[in-house]
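Here's the structure, in structure tokens; my notes come after.
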Amino acid sequence: MEGLVLKSTGSWYEVLANDISYTCRTRGKLRLKGFKTTNPIAVGDRVVFELEDGEEQQGVITEILPRENYIIRKSIKKTGHGHILAANIDQAVLVATLVFPRTSLGFIDRFLVAAESFRIPQVIIFNKIDILGDEERQIQQEIIAKYESLGIKCFEVSAKDETGITSVKNQLQGKMSLISGHSGVGKSTFLNLLAPHIEQSVKEVSDYAEKGVHTTTFAEMFIVENETFVIDTPGIKELGLIDIEKEELSDYFPEMREISDQCKFNNCTHTHEPKCAIQDAVDEGLIHETRYMSYLSMFYEEDSHR
Ligand SMILES: Nc1nc2c(ncn2[C@@H]2O[C@H](COP(=O)(O)OP(=O)(O)O)[C@@H](O)[C@H]2O)c(=O)[nH]1
Ligand SMILES: [Mg+2]
Ligand SMILES: [Zn+2]
């Protein structure tokens, strides 16, 4: 049988096949070629499994089907190994808020760059528009115009009074989406609205302020409806920028990638070099200054801070 991994604990997996959920384990060593990972199978993997003798809902995974993409970070436990967080993601969705809490542009760019490095299309949902004043709404629309010019779909919603939810539903329909964002932006409220059966616990923002508590600690997939899945991730750290080399960073800023071959030096880092197409584009207003600032901030970041 073929199925989709909804949950992975490391020792057993929840696999969905024909609307039925099976508890599966693996037998022996199961690995995709060329991979050194601490976990062979991740949420989102499509697998082949067979039922255990005499069992109706317990199986053994025998094969992992090739992945469209996957999100990996360096393993903290085993050097030279990766840890796969999720596989086969159709889109990475960031839930952001202009206020309460404020999602910084630097944080948004980090998320976009990480997703871009895994070749996953990005979507931004700006939540809590019900509490924005006119001026804030204006600022938000300018931010949206900026990201939409980069080809990123943006939505303005209020999970509280259910404004703008239908268009987001359409965007998620039939896809496997990874949902991320700071604690308190309203991810759980939003997921509950999409699929009340998910029953995520909603926490007051002030509850988090104490210690940055996370209610979700590992990636888990939820079925919104037939063929529509969301994976709730604990946060941006889970996406991680750890594996991006400085030299390739500008490749993950689409507007920089487009013109970097016009720099005078082919090893241009776009930080101080003369005749740099990217620095020129910033000066001319063709590349947004905040995007370039995000680039510099990621570029100069010490490895230990990543
Ligand atoms: N005003 C307003 N509050 C919201 C909205 N969405 C969520 N909240 C509130 O924000 C707080 C955090 O929500 P929660 O869903 O737990 O955020 P999560 O940490 O991202 O899962 C809760 O008090 C929610 O009631 C919204 O659209 N407008
Ligand atoms: Mg939550
Ligand atoms: Zn350059």
Side-chain angles (χ1 to χ4, degrees), residues 93-103 107-108 111 124-133 136-137 140 155-169 177-196 198-220 222 230-238 246-253 255-284 286-287 291-292 295-296 299:
V93 178
L94 181 68
V95 182
T97 44
L98 202 67
V99 292
F100 204 61
R102 177 176 167 74
T103 308
F107 183 83
I108 293 178
F111 176 87
I124 310 172
I125 299 175
F126 290 91
N127 189 31
K128 305 201 186 184
I129 57 169
D130 57 292
I131 53 170
L132 297 186
E136 289 161 333
R137 193 72 193 268
Q140 180 161 294
F155 297 88
E156 290 184 282
V157 308
S158 164
K160 191 181 179 190
D161 56 25
E162 306 189 18
T163 315
I165 300 298
T166 315
S167 45
V168 178
K169 269 190 182 166
S177 307
L178 182 97
I179 303 219
S180 198
H182 281 311
S183 289
V185 294
K187 293 181 301 296
S188 300
T189 309
F190 179 71
L191 288 177
N192 288 339
L193 204 57
L194 283 183
I198 293 177
E199 283 181 30
Q200 289 271 290
S201 69
V202 170
K203 288 263 169 73
E204 288 306 314
V205 171
S206 57
D207 296 344
Y208 295 107
E210 309 283 308
K211 272 198 197 90
V213 189
H214 285 297
T215 33
T216 323
T217 49
F218 55 89
E220 187 171 359
F222 298 102
V230 295
I231 299 172
D232 190 9
T233 47
I236 189 76
K237 285 208 185 81
E238 302 307 312
K246 287 187 195 302
E247 304 77 59
E248 62 184 36
L249 184 59
S250 64
D251 292 344
Y252 306 126
F253 285 77
E255 73 274 50
M256 297 185 190
R257 179 173 62 217
E258 242 168 50
I259 58 167
S260 60
D261 62 340
Q262 293 163 28
C263 294
K264 178 168 192 231
F265 301 104
N266 63 11
N267 61 349
C268 187
T269 63
H270 325 302
T271 56
H272 63 277
E273 296 86 347
K275 303 223 160 101
C276 166
I278 286 170
Q279 291 172 76
D280 289 348
V282 176
D283 290 341
E284 287 162 33
L286 299 171
I287 287 179
R291 291 279 289 170
Y292 184 58
Y295 171 79
L296 291 179
F299 186 89

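Every number for a ligand or one of its atoms is a count from 1 in the order of the listing. FYI, side chains are in, hydrogens and waters are out, and symmetry mates aren't considered; it's all heavy atoms of this structure.
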Next on the checklist: Which residues pass the side-chain contact (heavy atoms from CB on, under 4.5 Å) test with Thr163, not counting sequence neighbours?
Outcome noted: Ile129, Ser158, Asp161
Next on the checklist: Can you name the atoms of ligand 1, numbered from 1 with element, that are less than 4.0 Å from a heavy atom of Lys187?
Outcome noted: 15 (O), 17 (O), 18 (P), 19 (O), 20 (O), 21 (O)
Checklist entry - Sequence neighbours excluded, which residues qualify as salt bridge (Lys or Arg N to Asp or Glu O under 4.0 Å) partners of Arg137? => result Glu156
Item to check | Atoms of ligand 1, numbered as shown, that sit under 4.0 Å from any heavy atom of Ile131 | outcome: 1 (N)
Checklist entry - Looking only at heavy atoms, what is the nearest atom pair of Ser180 and Phe111, with distance? => result CB-CE1, 3.6 Å
Item to check | Spacing of CZ belonging to Phe299 relative to CG belonging to Leu249, to within rounding of 0.5 Å | outcome: 8.0 Å
Checklist entry - If you round to the nearest 0.5 Å, how far is OG of Ser177 from CZ of Phe222? => result 13.5 Å
Next on the checklist: Quick check: Gly184 and ligand 1, any N/O pair under 3.5 Å apart?
Outcome noted: yes
Checklist outcome for this item: Counting from 1 in the order shown, the ligand 1 atoms closer than 4.0 Å to a non-hydrogen atom of Ser183 are 19 (O)
Item to check | Part of Asp130 within contact of ligand 1 (heavy atoms, under 4.0 Å) | outcome: side chain
Next on the checklist: Could you check whether any side-chain heavy atom of Phe190 comes within less than 4.5 Å of a side-chain heavy atom of Val168, counting everything from C-beta outward?
Outcome noted: yes
Item to check | Partners meeting ring pair (Phe, Tyr, Trp, His ring centres under 6.0 Å) with Phe253 (sequence neighbours left out) | outcome: Tyr295
Next on the checklist: Can you tell me if, anywhere in Ser188, an N/O/S atom lies at a distance from the Mg ion (ligand 2) that is smaller than 2.8 Å?
Outcome noted: yes
Checklist entry - What about Ala159: any of its N or O atoms under 3.5 Å from an N or O on ligand 1? => result yes
Checklist entry - Around atom CG of Asp261, are there more than 12 heavy atoms of other residues, nucleotides or ligands at under 6.0 Å? => result yes
Checklist entry - Relative to the heavy atoms of Ser158, which atoms of ligand 1 are at a distance of less than 4.0 Å? => result 27 (O)
Checklist entry - Quick one: CD1 on Ile259 to CD1 on Ile287, what's the gap to the nearest 0.5 Å? => result 4.0 Å
Next on the checklist: Return the CD1 to CD1 distance between Ile108 and Ile124, rounded to the nearest 0.5 Å.
Outcome noted: 5.0 Å
Item to check | Metal environment of the Zn ion (ligand 3), protein N/O/S under 2.8 Å | outcome: Cys263 SG, Cys268 SG, His270 ND1, Cys276 SG
Item to check | Contact partition for Thr189 relative to ligand 1, non-hydrogen atoms under 4.0 Å | outcome: both
Checklist entry - Do any nitrogen or oxygen atoms of Asn127 lie less than 3.5 angstrom from nitrogen or oxygen atoms of ligand 1? => result yes
Checklist outcome for this item: Per-atom filter on ligand 1: closer than 4.0 angstrom to a heavy atom of Ser188 are 15 (O), 18 (P), 21 (O)
Next on the checklist: Go through it in stages, so that I can follow the logic: the residues are His182 and Arg102, the test is side chain to side chain contact (heavy atoms under 4.5 Å, CB included), and I'd like the CA-CA distance, side-chain angles, deciding distance and then a yes or no.
Outcome noted: CA-CA 9 Å; His182 281 311; Arg102 177 176 167 74; over 6 Å; no
Next on the checklist: Quick check on contacts: which atoms of ligand 1 are under 4.0 angstrom from a heavy atom of His182?
Outcome noted: 20 (O)
Item to check | Close side-chain approach of Glu255 and Arg291, heavy atoms under 4.5 Å | outcome: yes
